[in-house]
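Just so you know, these numbers use all the heavy atoms, side chains as well, and skip hydrogens, waters and symmetry mates. Proteins get letters first, then strands, A, B, ... in listed order; numbering begins at 1 in each.
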2 protein chains.
Amino acid sequence: MDTIDFKALSELMMNGRMTWAELGSCLGLSSPATAERVRRLEDQGVIKGFTALVDHEAVGCALTAFVAVSLERPEHRNRFLQKIMEMQEVQECHHVAGEDDYLLKVRCKGTRDLERVVSDTVKSIPGVARTRTTIVMSTPKETPSPPLFPEDIIDATRR
Amino acid sequence: MDTIDFKALSELMMNGRMTWAELGSCLGLSSPATAERVRRLEDQGVIKGFTALVDHEAVGCALTAFVAVSLERPEHRNRFLQKIMEMQEVQECHHVAGEDDYLLKVRCKGTRDLERVVSDTVKSIPGVARTRTTIVMSTPKETPSPPLFPEDIIDATRR
DNA sequence: ACTGAAAACTGCAGGCC
DNA sequence: GGCCTGCAGTTTTCAGT
């Protein structure tokens, strides 16, 4: 077990961009060895990729909501999931135990958009028996995530 | 309005690492101009940083759960939030409208860990009146997120 | 996994629109 | 103000050990 400088490592991860040499020095490795390990992690699927983490509010995605969905019968599942996959506003879809079947995390510009997503789109999917929407007022803690609508970033770039 | 190659752009964003030149060519820009724009986005706070996106299951974080929390009185809020901030397992904390006050997204290794987090830690915070935990069985859709426990990645590195 | 070279990329300067 | 071209400094990559 080598000597890993966790403090330096987390500092490095905080401000984002880093070189293999920097990362390696936290781990006590040279840059080629570090690059090799990261490449292996990608091959194994541990690392899915690399992205920018965006402040969704800053790009006009100010509203977050959780939508619990109940399905009438299991037969409707595939069609439902297929539709969900296509919806950009749905950031997450979890199959949950308990009263409801699915829990969606939805992100959009405002209440008008939410209405469209929930009432028009989700409820129109065959087999959706009922939905319960919970609006997020503020989020004190959240690990930032990749952009949902890359085109909005492009717009922000121009300002 | 310039000509943006969205198809190439999203392909590029999918497989992660890219050079300014590559990104720029999708936008119809040279590398210095591209780097400059991204730097500006960072200054504006639109881009919070850059990270690796990890498959949490692959690093042993196999259990996801949503925990709804009700607080007795507003006075308890600050202390509650402070404690939440310290908990690595809590990936998100949202202040929500409706029946409950907060909705936590929790990630941990297994049910044993969940018990510790919910029953021992969250419920022991002063002012927590009740919690309702919803277990996630599978998640058909989720944008990957940065690592919650960097040390687990280090371990995976060694395999 | 380390060292050292070639190749590639980034960042800065200067000029242009 | 924002963008493009060329050069110097780094960083990554690919040998060989």
Side-chain angles (χ1 to χ4, degrees), chain A residues 1-55 58-60 144 146-147 149-159, chain B residues 1-54 58-59 146-147 150-159:
Chain A
M1 168 79 189
D2 4 60
T3 145
I4 295 170
D5 187 346
F6 279 110
K7 192 169 169 301
L9 182 60
S10 46
E11 267 179 40
L12 217 51
M13 293 185 57
M14 277 302 121
N15 65 75
R17 233 157 336 185
M18 63 183 97
T19 65
W20 294 139
E22 283 176 317
L23 181 59
S25 82
C26 294
L27 271 56
L29 288 168
S30 65
S31 18
T34 310
E36 168 67 9
R37 282 206 190 177
V38 171
R39 197 191 54 68
R40 259 206 328 266
L41 286 173
E42 288 182 78
D43 287 347
Q44 293 170 229
V46 173
I47 291 180
K48 291 299 202 186
F50 299 85
T51 26
L53 304 173
V54 315
D55 181 347
V59 292
F149 307 96
E151 52 274 26
D152 291 340
I153 309 280
I154 310 282
D155 290 344
T157 312
R158 273 194 257 282
R159 284 183 210 128
Chain B
M1 169 79 189
D2 4 59
T3 146
I4 294 171
D5 188 346
F6 278 110
K7 192 169 171 299
L9 182 59
S10 47
E11 268 179 39
L12 216 52
M13 293 184 58
M14 278 302 121
N15 65 75
R17 228 153 345 178
M18 62 182 97
T19 65
W20 295 138
E22 282 175 318
L23 181 57
S25 83
C26 294
L27 271 57
L29 288 170
S30 67
S31 16
T34 310
E36 167 67 9
R37 282 207 190 176
V38 171
R39 198 192 52 68
R40 252 193 348 252
L41 286 173
E42 288 183 78
D43 288 347
Q44 293 171 228
V46 173
I47 292 180
K48 291 299 203 187
F50 299 86
T51 25
L53 303 173
V54 315
V59 293
E151 52 274 25
D152 290 341
I153 309 282
I154 311 283
D155 289 345
T157 312
R158 272 194 258 281
R159 285 185 211 125

Min side-chain heavy-atom separation [X]-[Y] under 4.5 Å:
X: L53(A); Y: P146(B); answer: yes
X: L23(A); Y: T34(A); answer: yes
X: R17(A); Y: E42(B); answer: yes

For the pair made of [atom1] in [X] and [atom2] in [N], what is the distance, rounded to whole Å?
X: L23(A); N: dT10(D); atom1: CG; atom2: P; result: 20 Å
X: L29(B); N: dC4(D); atom1: CG; atom2: C1'; result: 10 Å
X: E36(B); N: dT5(D); atom1: CD; atom2: C1'; result: 16 Å

Atom pairs and distances, side-chain donor-acceptor, residues 25-33 of chain A, under 3.5 Å, sequence neighbours left out:
from   : atom 1 : to     : atom 2 : distance (Å)
S25(A) : OG     : E22(A) : O      : 2.9

Determine the minimum heavy-atom distance between V46(B) and A58(A), stating which atoms define it.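 Heavy atoms of V46(B) and A58(A) come nearest at CG2-CB, 4.0 Å.
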If you measure from CG on L41(A) to NZ on K48(A), what distance do you get to the nearest 0.5 Å? 12.5 Å
dA1(C), OP1 or OP2 - any side-chain N/O from R37(A) closer than 4.0 Å? yes
Could you pull out all residues at least two apart from A52(A) that satisfy side chain to side chain contact (heavy atoms under 4.5 Å, CB included)? I47(B), F50(B)
Sugar-phosphate atoms are those with a prime plus P, OP1 and OP2; base atoms are the rest. Using that split, label each nucleotide of nucleotides 9-15 of chain C B, S or - for protein heavy atoms under 4.0 Å, 5' to 3'. SSSB---
I would like to know whether T51(B) and T51(A) meet side chain to side chain contact (heavy atoms under 4.5 Å, CB included); could you show each step before the answer? CA-CA 6 Å; T51(B) 25; T51(A) 26; 5.7 Å; no
Axis-to-axis angle for the helix from dA1(C)-dT17(D) to dC17(C)-dG1(D), ends of five pairs each, to 10°, equals 30°
